[in-house]
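Report on the structure given below.
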Protein chains: 2
Amino acid sequence: MEEGLRERKKRETRERISDVATGLFMARGFEEVTIAEIAKAADVSVNTVFNYFGTKEDLFLDRQEEVEDVPARVALSRGEGESVVAAFRRDFLAAIETRDWRYGMNDGAAEFGRIMARSPSLQSRLREIELRRADRLARVLAAQTGADEDDLRPRLVAGQILETAVLLTRGMWLRLMSGQSWEEVRPWLREQAKAAFDLLEGGLGDFGT
Amino acid sequence: MEEGLRERKKRETRERISDVATGLFMARGFEEVTIAEIAKAADVSVNTVFNYFGTKEDLFLDRQEEVEDVPARVALSRGEGESVVAAFRRDFLAAIETRDWRYGMNDGAAEFGRIMARSPSLQSRLREIELRRADRLARVLAAQTGADEDDLRPRLVAGQILETAVLLTRGMWLRLMSGQSWEEVRPWLREQAKAAFDLLEGGLGDFGT
DNA sequence: TACAACTTTGCAGTGACTCTAATTTTGTGG
DNA sequence: CCACAAAATTAGAGTCACTGCAAAGTTGTA
């Protein structure tokens, strides 16, 4: 299937807008940049920006949406007899070693975190994406375990696991943002991830007594 | 300490605005009502509305914010030797029997849920409140267990517990919204709550194998 | 080359929210 | 009871994300 001129132009325009926007956000922060500026810098009209991106937040969180089904895929592709928690533990610990961008561990992480931290609307949008991730994971788990419609457990399991991953990631961001290098953060993250998944696997039990 | 005329008027104005707004939202939905309408109906200027409520969402979620520290208090007031999970299980199961409004189990729950369900911005605001609840609970837990600054576990425990409560509540809302009576929903909620807290207490272990 | 389909644009809104400068209302000291 | 300060309310003008529509431009196709 050839990519015609029309398709190519559309892709290019979309990428140009996204790149220009990201550059401006990085330089000056999310709230401080208006869509009108982005449009002008990308040499398109404001309406064209909205043709490609439904909201301003989408301009920044584009790639997060793309990987909305990552957790569901982790659950689907786990080994025979491997528990769900085990699969996510393995995936997350591997991500630490490879600095997987799907978990926000790539190079720009500190800057990404700084921008997120200063914009409530971006944070809220990210939470939305995480919510959809959890819902999708829950559907996969429900199908795999044959749980019936009324059973909340698949959704609970999905929620617990993703909440764990989110909190680990948030901790990582905070440390990167405070100026620590990735090599300083990595051991902490490894250790906390292990503790977190242990807690998840073994339960909160008598925590706090 | 007397309540002077000024204080009384302020309180009355605030309540009038909040009541008028809630009434309009109930009748026509959140997005469908403008602040200008609310101001006119409450016989104040638009600016006065913003004097009392920072955002439109706050007009509806006023009471939720008031009880932002409920989970922290549950943790603080638990019995000697009682685990955190046990305390929340107890509190939640009790709430089911008394239809505690703090857990959204009061009479207007179905209508409340319907309005929430149709407004993404309200949902996002509620998530924010829940986030702050979890942060506050985490601080209490950290203090109680003497966990050090780097230890994510208190925040993880807080997150897991509140996520559980949120999902139980969401399930309840969905059922109430679909027309089921409270008497039909209650047994389901009891059962699911027990299962949920069991899962939380004992861990996800080999779920999904 | 003509025509249909699609993309981009301009224009005119709407509505939440902000800022500033009046104007009104309330508490207080003489 | 009367000024005067402090606080509350208001009007007015503006910003910005986002929407809807119709006109203009571009691309694929017969």
Side-chain angles (χ1 to χ4, degrees), chain A residues 1-18 20-22 24-25 28-62 65 115 118-126 128, chain B residues 1-18 20-22 24-25 28-62 65 115 118-126 128:
Chain A
M1 188 72 188
E2 268 306 325
E3 185 194 41
L5 175 59
R6 186 167 269 163
E7 271 72 31
R8 204 191 70 225
K9 275 203 165 183
K10 276 185 72 171
R11 190 174 41 76
E12 286 171 351
T13 303
R14 187 190 165 88
E15 279 169 11
R16 189 172 69 253
I17 295 172
S18 177
V20 163
T22 304
L24 288 173
F25 293 152
R28 291 168 34 211
F30 183 76
E31 322 264 7
E32 287 73 21
V33 176
T34 71
I35 301 236
E37 283 180 282
I38 294 166
K40 176 161 280 187
D43 202 38
V44 293
S45 76
V46 170
N47 282 23
T48 300
V49 175
F50 282 112
N51 272 347
Y52 288 101
F53 302 90
T55 67
K56 188 182 177 187
E57 286 73 31
D58 291 345
L59 281 166
F60 190 67
L61 296 175
D62 208 12
E65 297 177 64
I115 293 173
R118 277 175 32 203
S119 166
S121 66
L122 275 180
Q123 293 166 40
S124 122
R125 187 77 183 75
L126 188 57
E128 245 177 72
Chain B
M1 188 71 187
E2 266 307 323
E3 187 194 42
L5 175 58
R6 187 166 266 164
E7 270 72 32
R8 204 191 71 225
K9 273 205 164 183
K10 276 186 73 171
R11 189 174 44 73
E12 284 172 353
T13 302
R14 187 190 165 87
E15 277 168 12
R16 189 171 70 251
I17 295 172
S18 176
V20 163
T22 304
L24 288 172
F25 293 151
R28 292 167 34 212
F30 183 76
E31 324 263 10
E32 288 72 21
V33 176
T34 72
I35 300 236
E37 282 179 282
I38 294 166
K40 176 161 279 187
D43 201 39
V44 292
S45 76
V46 170
N47 282 21
T48 300
V49 175
F50 283 113
N51 271 347
Y52 288 100
F53 302 90
T55 68
K56 187 181 176 188
E57 287 73 32
D58 293 343
L59 281 165
F60 190 65
L61 296 176
D62 209 12
E65 297 176 62
I115 292 174
R118 277 174 33 202
S119 166
S121 66
L122 274 181
Q123 291 167 41
S124 122
R125 187 76 184 73
L126 188 56
E128 245 177 73

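A, B, ... follow the sequence lines: proteins, then strands. Residue 1 opens every chain.
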**Q.** B/Glu128 vs B/Glu65 side-chain heavy atoms within contact, under 4.5 Å
**A.** no

Side-chain N or O of B/Tyr52 closer than 4.0 Å to phosphate OP1/OP2 of D/dA8
no

* So, is B/Lys10 near the phosphate of D/dA8, with a side-chain N or O under 4.0 Å from OP1 or OP2? -> yes

Practice prompt. Please answer whether the main-chain N or O of A/Thr34 pairs with a side-chain N or O of A/Lys56 as donor and acceptor at a distance below 3.5 Å.
Written response: no

Terminal axes of the helix from C/dT1-D/dA30 to C/dG30-D/dC1 (5 end pairs apiece), angle rounded to 10 degrees, sit apart by 0°

Taken to the nearest whole Å, CZ/B/Arg16 to C1'/D/dT9 is 12 Å

Considering only heavy side-chain atoms of A/Lys9, the closest of C/dT8, D/dC18, D/dT26 is D/dT26

Quiz prompt | Side-chain N or O of B/Lys56 closer than 4.0 Å to phosphate OP1/OP2 of C/dG15 | solution = no

Rounded to whole Å, the CD-P distance (A/Glu7 to D/dG28) equals 8 Å

Report all side-chain donor-acceptor pairs from residues 46-53 of chain B shorter than 3.5 Å, counting only partners two or more places apart or in another chain.
from: B/Thr48; atom 1: OG1; to: B/Ser45; atom 2: OG; distance (Å): 3.2

To the nearest angstrom, the CG-C1' distance between B/Leu59 and C/dC17 comes to 13 Å

*Decide yes or no for B/Phe60 and B/Arg125: does some side-chain heavy atom of the first lie under 4.5 Å from some side-chain heavy atom of the second?*
no

Point to revise | Side-chain heavy-atom pair B/Arg11, B/Arg8 within 4.5 angstrom cut-off | key: yes

For this session: Give a yes or no on whether the backbone of A/Ser18 and the side-chain of A/Thr22 come within a donor-acceptor separation of less than 3.5 Å.
Result: yes

Rounded to whole Å, the CG-C1' distance (A/Asn47 to D/dA22) equals 12 Å

Between CD of B/Glu57 and C1' of C/dG15 the distance, given in whole Å, is 12 Å

Picking from C/dT8, D/dT26, D/dT10, the nucleotide nearest the side-chain atoms of A/Thr48 would be C/dT8

Here the distance between atom C1' of C/dC17 and atom CZ of B/Phe50, to the nearest Å, is 5 Å

Between CD of B/Glu12 and C1' of C/dT26 the distance, given in whole Å, is 14 Å

From CZ of B/Arg8 across to P of C/dT26 the rounded distance in Å is 10 Å

- Message: I want to check something: taking the side chain as every heavy atom from C-beta on, are A/Glu32 and A/Arg118 in contact at a cut-off of under 4.5 Å?
- Response: yes

Sorted by number, residues from residues 30-45 of chain A placing a heavy atom under 4.0 Å from DNA chain D are A/Val33, A/Thr34, A/Ile35

Checking A/Glu15 side chain against A/Glu12 main chain: does a donor-acceptor pair fall under 3.5 Å?
-> no

Original post:
Can you check whether A/Arg16 reaches A/Val44 side chain to side chain, under 4.5 Å on heavy atoms?
Top reply: yes

